[in-house]
Structures are given as structure tokens and as C-alpha cells.
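Have a look at the structure below, then the notes.
Convention: sequence-line order gives letters A, B, ...; per-chain numbering from 1. The structure presented is a predicted model; accordingly, all values stated were derived computationally and were not measured.
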Number of protein chains: 2
Amino acid sequence: MVTVHDVARVAGVSISTVSRALAAPERVAAATRARVQAAADALGYVPNRAASGLRAGRTSAVGLVVPDLENPYFASVTKGVQARARAAGLAVFVVDAEEDPHLEADLVASLAPQTDGLLLCSPRQDDAAVRDAAGRARVVLVNREVAGVPSVCTDHARGTELAIEHLRALGHARVAVVGGPERSWSQERRADGVRRAVERFDDLDVVELGAYRPHVDGGYSAADAAVATGATAVLAFNDLQALGLVRRLAGRGIRVPDDVSVVGCDDTFVAGLAATPLTTVRTDLRGMGATAVDLLADLLRPGNEPEAPRVVLPAELVVRASTADAPRVLVPSPAVAP
Amino acid sequence: MVTVHDVARVAGVSISTVSRALAAPERVAAATRARVQAAADALGYVPNRAASGLRAGRTSAVGLVVPDLENPYFASVTKGVQARARAAGLAVFVVDAEEDPHLEADLVASLAPQTDGLLLCSPRQDDAAVRDAAGRARVVLVNREVAGVPSVCTDHARGTELAIEHLRALGHARVAVVGGPERSWSQERRADGVRRAVERFDDLDVVELGAYRPHVDGGYSAADAAVATGATAVLAFNDLQALGLVRRLAGRGIRVPDDVSVVGCDDTFVAGLAATPLTTVRTDLRGMGATAVDLLADLLRPGNEPEAPRVVLPAELVVRASTADAPRVLVPSPAVAP
DNA sequence: GTCGCGTCTGCAAACGATTGTAGCCGCTGC
DNA sequence: GCAGCGGCTACAATCGTTTGCAGACGCGAC
């Protein structure tokens, strides 16, 4: 292993000069700096992170906690985080909390001391737990807002509104909205969007359906209930749910979009995967991850303490093949049990 | 921050005893150990990774390099790695190489000195580059084999054989096999499987199609060529390709599986996503990640140097809805340009 | 009673970087 | 000509942990 001492010897300076030449170039004479740089390059010197972290009190590493890496939503966020962190010279510890708030709290506790800060995707954790995390480490929330904690998230209310507006424009008179996990932050924001849409359009009937898992199986399970409402369009909690809906509908011989329109949410890469690509509400997920890193990097700059900025990313509608005009002849209303 | 000194003071021992009590319990009297443990718990002591890494010369962190986190294949592998590493007390740096061998080499070089070892998913890197990586750090390859480097991978040849066997059993007489990237290791293993199948079944016609991207668009692009061969069944390089195939076929009015059967590969979670769930060749991806961590952990145990074990995970066929009996009446052969 | 041995614990030196402080040098201005 | 100053660089302390070495202690055997 090549250390500052080796570089110092080759460059004919002391180790402190080496350190400064590399970390604070302006504090070293140009000629010296060049000699040090050359020596470092020649030897292939890479600073030992443990050593510099130990002395300087920072690790140049951040932690990213996500509920599920296999969820395309978090995969994209992770990708964005990773790319921006690399550019910023930060290493990223990624941990998968397996959608378990308990495990997540453990991970936060063990990650906090060995990183400079944490990026938290904690849709289900309650505010107190999030604040506790923010007490242990510098924290930036992703797709979640808690007072006093910096965050970056999507304008879900607006996105929901856009989706409903789109469906109404296609002539749908009754829309079913499938809910995600009850304690989820984004679920509540979407409910706001539904409320706003309902207030704006009095010719529109919106039926909200109970909590379903934000996965394919959740959509699969919600499909029958959605059809039973007599709705000709369904707005899912996310793209995975939407795909589950489509699958169940297909299984019952109900065609998408001919008989029923389906709108997903998030525009994860799976939205474009199916035979009938999903109309969905788009957010720039990688951008969200990148922004979160920026926020954290700002926080880490010495002397920046009290700010707790909230960034809200816009939501926009992407129309693909899963939505169409409302059918002329309505799907017959289901028989109601006497 | 609470340090060994604090714990030592509370427990009434020296810092070396604290260190030993926690790291090598058998070297400390039971009573002392208990006192130290109690003090550590009471204070919430967490060893400083930088400091212990510095002195002990290990970081207790490993790096995981994947080509694309948004690819469900690598998402699952990452998930498996992450879970097992946590159990083993290792932190995981995850980096996305953006499918760029050049960037990947850079990442390896920068990750090597700050980790105890690397897990490499490098399907496209050439052997020399992989060996170079293995020279810089302890390396375990995932889904790739290079002489002298420990690895864990899937029996792709067998998987391919199984898939073709399945299609033949359904009465398909001509099968198109869509190739992945040319320089990909698994692509070559699959070609072996095709060869074996061709040797076994002389009543079967297998047409191999040139290199297509291992993504949805690759499958989309390959679909027409596959149909043009007159094949009634198509074996894709992976699930994403298979979904792309299905989409293009649907666009041309060709039904899956009625007119053409499609088989995916890897059984990533997207295989079950579409309206017609994919028949696919399954490997335990999370298990592969976990095994890779085990291999690396073995390598890291002091005194284990020369072994370079190769683990080959079995492949098995999962039959879902995208394959069916070959159509009685063949799809008409395409007109050939004069 | 003493010796020897084994078990346990403390001392102190590392690990490799950062950083406050002090010294050196050369220049300017009086 | 000398004091003063500013720009660079070297010295040495320091971060929190691990670990080789040696001392202390207790116990059994002679």
C-alpha cells in the first residue's frame, strides 16, 4: 500500500505538504503541487479512507435506506443517488430494509455512526421514527416530508389530479382510485389530489378503494372491487399495482383500454414493459435521487446547519396505451346482492 | 461520540480489555466480559469503523459492482448480497457501472483500496480486465467464470437445454433463439446449451439470431426477425427481451402463446408482471448474491488464500402462460424477396 | 515455602491521514 | 539596514482502535 509518506519521499516534501497539495491545492505553491501530483500519479497513490476519516471526523460515505431494491421505483432512485454521489466523491452504502420499519430503525442506528449522512426512503415509518433518525445523523428524506427535516419529493396531489383530469377528458364518468398502504405518506398526498379533482369536476364520480399492497398482487386483488364499482377507469397507486390490475382484468376477459382504462403511477421502467404500455404519472426518479444527494452534500459543507429545504418535484402525465375513450356502452353494472 | 475509553471508564477496565471483550470474548474472563458488555450497551457504544479499519487493516466493507441497478436481474442479486452481508457484519458499497466497461474498471480501481473485497457482475468485461481486477483486490465473480478467480454462476447451458426441450415437447419444430451481447459470458454458455439440444434432437430446427440488447428494446427489435424464420417458438436472452418480443408480436397481431410461444430467462420479478406471465428459466438470484458473499467471506478469513472455488447454481424451468402447444396450422412463411 | 505455569489484564506503539502551530525565507518599506 | 509581513512548508499531535509484550495474580506441585 502506498501512503503519503511514499509520495512525500518521492516528491521531496513532507507528508503535510502532500496532504495539503491534494486536499487544498490553493494552499501550496504551484510548483510544489505539481511535483506532489506527479509523484502521487506515478505511485498510484489513493488516500486511505479509514485514516482520513478517522482524523478528519468524516467518512465521505453516505447511507441509502430503501424499503425494497427489487421495487423499480427504488431501483431508479438508487441509481440516481449512486451516480450523483460518485460525482460528489461520496461512497454509498445501500441497505434494503425489506419493508420492515423495525429493521429500518436498526439499520439507521448502525449506519448513522459510520456515515456522514443518510438518505431515507421511509414511506411507512411514522414521523417520530423519522425524527429520531434525523437526530442520530444528518438525514435527507426521499419522497416523504416531515417538518424540520430536509426532503425531496413529488407533487403527488398534482399528479393525481392530472390523471383524473385525463380520464375525465376521455369521457369517463366514474373513476376508481386504488389506495396504497394506509400509513403511507404519498397515499395521503394522493388523497388530497383526489379531493381537489372531485371539487373541480362535479360531473365526475370518484370511488376510493381501501388499502392494497403497492405490488402486483395488490393490483390483482383490487381489480374485482374496482370493476364492481362500475367505474370505466382505474387509477392505481403505482405501476406495479396497475400491471396487476391489467392482468386480473385480462383474466376476466375485460380488455384494457377498450373496456376499462388503467393509469399507473411513477413511470417506473416497468410501465413500458407490458404488451399495452401504461399511461402513468411521471416523476424523474433518478433526478430525485440526485437531488437528495445534492441536499445532503449541502448539509455536509462545513457551517451549514439550520436549513431544512424541501424540494418538490413536478409530476406530469405520460399517456401511453392503457387509457382510451370511455366505452359507449357501459360495462353492465354488477348485480347487487339483495 | 462514545469511544472505548468511555466504556473502559464505566466498566473499570482498560481500553484493551474493552476491545478484547468485544472482539475476542474467549480471551477475557467471563465476569469482566459481562461488565464490559453491560457498559457498552448502557452507553450505546458502536465501534468506529474507520479507526478499527485503520489499525486492523480491514474495512469490513465490500464493494458490489453491477452493470445496471434498474435491471431486475441485478436488483435481485443486489438484494441477496445485501441481506447476507448484513448478517455477516459487512457493509456493502453498491455501484452502478452503467454498462460501461471503462467506467467499471475505474470503479474497481477506486473501490479496491477501500474495501476488503469486491463482488463483480461483469458480463461484458474481458478476461484480462477481470484478472486485473482480481489482482487489485479479493474478487468474487457473479454469473461469470474466469480461470483462477472464485465465482458463482448459473448453469446456463442446462437452462437453455431445458427450455428447448420444453418447446419441443409442445410440438414446436422450429425454435428461434435470440442472442444477447456477443461478448457476454452467459451468451456463450447458452450457445453451448443450444448446441447440446441440437445434437440431442434431430427433429428440431434451431435458428440462432444475432446479437440483440438484453433489454426490452432488444426483444422488440428481434421479434420480426424471429417471426421471419418461420419459428413457432422463441427463446429470449432474458425476461426483458422476452417482454419486448411479446409486445412487438402483439403489435403485429400475433398472439402469445396461441400463435407463437415465448420463453424468457432468469425468472426476474418482471416475468410475472405482464398480462401473460412468462415461461422462463429460473435461477435463485438472491441466493446467487448470498453465495457470492459467503465465498468472499471465506476468502477474507485470515489464512485462506489459494482457493478459487466455482459454484454453479442449477437452472430450472418455470412454465407459465407464454408457452403452449405449437399451432396446428403453421404461421405462413414470409414472402422472400426475389 | 517457593517455583513455575497459565490466565487475564494493562501499557504503549502502531495504523495513515489531517491540521494547528511555528519556523523559514524573501521581500517591501521606512 | 532592519523590522515586519506574507507565503510556504515542516513538525508533531491527534483521531479510535487493535495488538504484541510484559506484568500481575492465583494455584498446584514439589
Determine the contact category for B:Ser19: base if any of its heavy atoms lies under 4.0 Å from a base atom, sugar-phosphate if only primed atoms, P, OP1 or OP2 are that close, otherwise nothing. base
Would one find a side-chain N or O of B:Thr17 under 4.0 angstrom from OP1 or OP2 of C:dT9? no
Take atom CG of B:Leu22 and atom C1' of D:dT17, then tell me their distance rounded to the nearest Å. 11 Å
Specify the separation, in whole Å, of atom CD of A:Glu26 and atom C1' of D:dT9. 15 Å
Can you tell me if A:Arg136 uses its side chain to pair, donor with acceptor, with the backbone of A:Val108 under 3.5 Å? no
Interatomic distance, A:Arg9 CZ vs C:dA17 P [rounded to whole Å]: 12 Å
At 4.0 Å (heavy atoms only), tell me whether B:Val18 reaches a base, stays on the sugar-phosphate, or touches nothing. nothing
Side chain of A:Asp116, backbone of A:Ser60: donor and acceptor closer than 3.5 Å? yes
Tell me if the side-chain of A:Ser16 makes a donor-acceptor pair with the base of D:dC11, cut-off 3.5 Å, by modelled atom types. yes
Using whole Å, what does the distance between atom C1' of nucleotide C:dA12 and atom NE2 of B:His5 come to? 11 Å
Nearest-nucleotide wise, let me know which of B:Val28 and B:Leu54 is further upstream toward the 5' end of DNA chain C. B:Val28
B:Val77/B:Val66 under side-chain contact (heavy atoms from CB on, under 4.5 Å): CA gap, chis, key distance, verdict: CA-CA 9 Å; B:Val77 170; B:Val66 298; 5.6 Å; no
Kindly say whether A:Asp96 contributes a backbone atom to a donor-acceptor pair with the side chain of B:Gln82 at under 3.5 angstrom? yes
So what does A:Arg49 hit on the nucleic acid, given a heavy-atom distance under 4.0 Å: a base, only sugar-phosphate, or nothing? nothing
Kindly say whether A:Pro181 contributes a backbone atom to a donor-acceptor pair with the side chain of A:Arg124 at under 3.5 angstrom? no
5'-most contact on DNA chain D (nearest-nucleotide basis), A:Ser14 vs B:Met1, goes to A:Ser14
Could you tell me how far apart A:Arg27 (CZ) and C:dT19 (P) are, to the nearest whole angstrom? 9 Å
What is the distance, to the nearest angstrom, from the CZ atom on B:Arg58 to the C1' atom on D:dT17? 10 Å
Between CD1 of B:Ile15 and C1' of D:dG16 the distance, given in whole Å, is 8 Å
Given atom CG of B:Asn48 and atom P of D:dT18, what is their separation to the nearest angstrom? 10 Å
Comparing A:Arg55 with B:Gly12, nearest DNA chain C nucleotide closer to 5' gives the residue B:Gly12
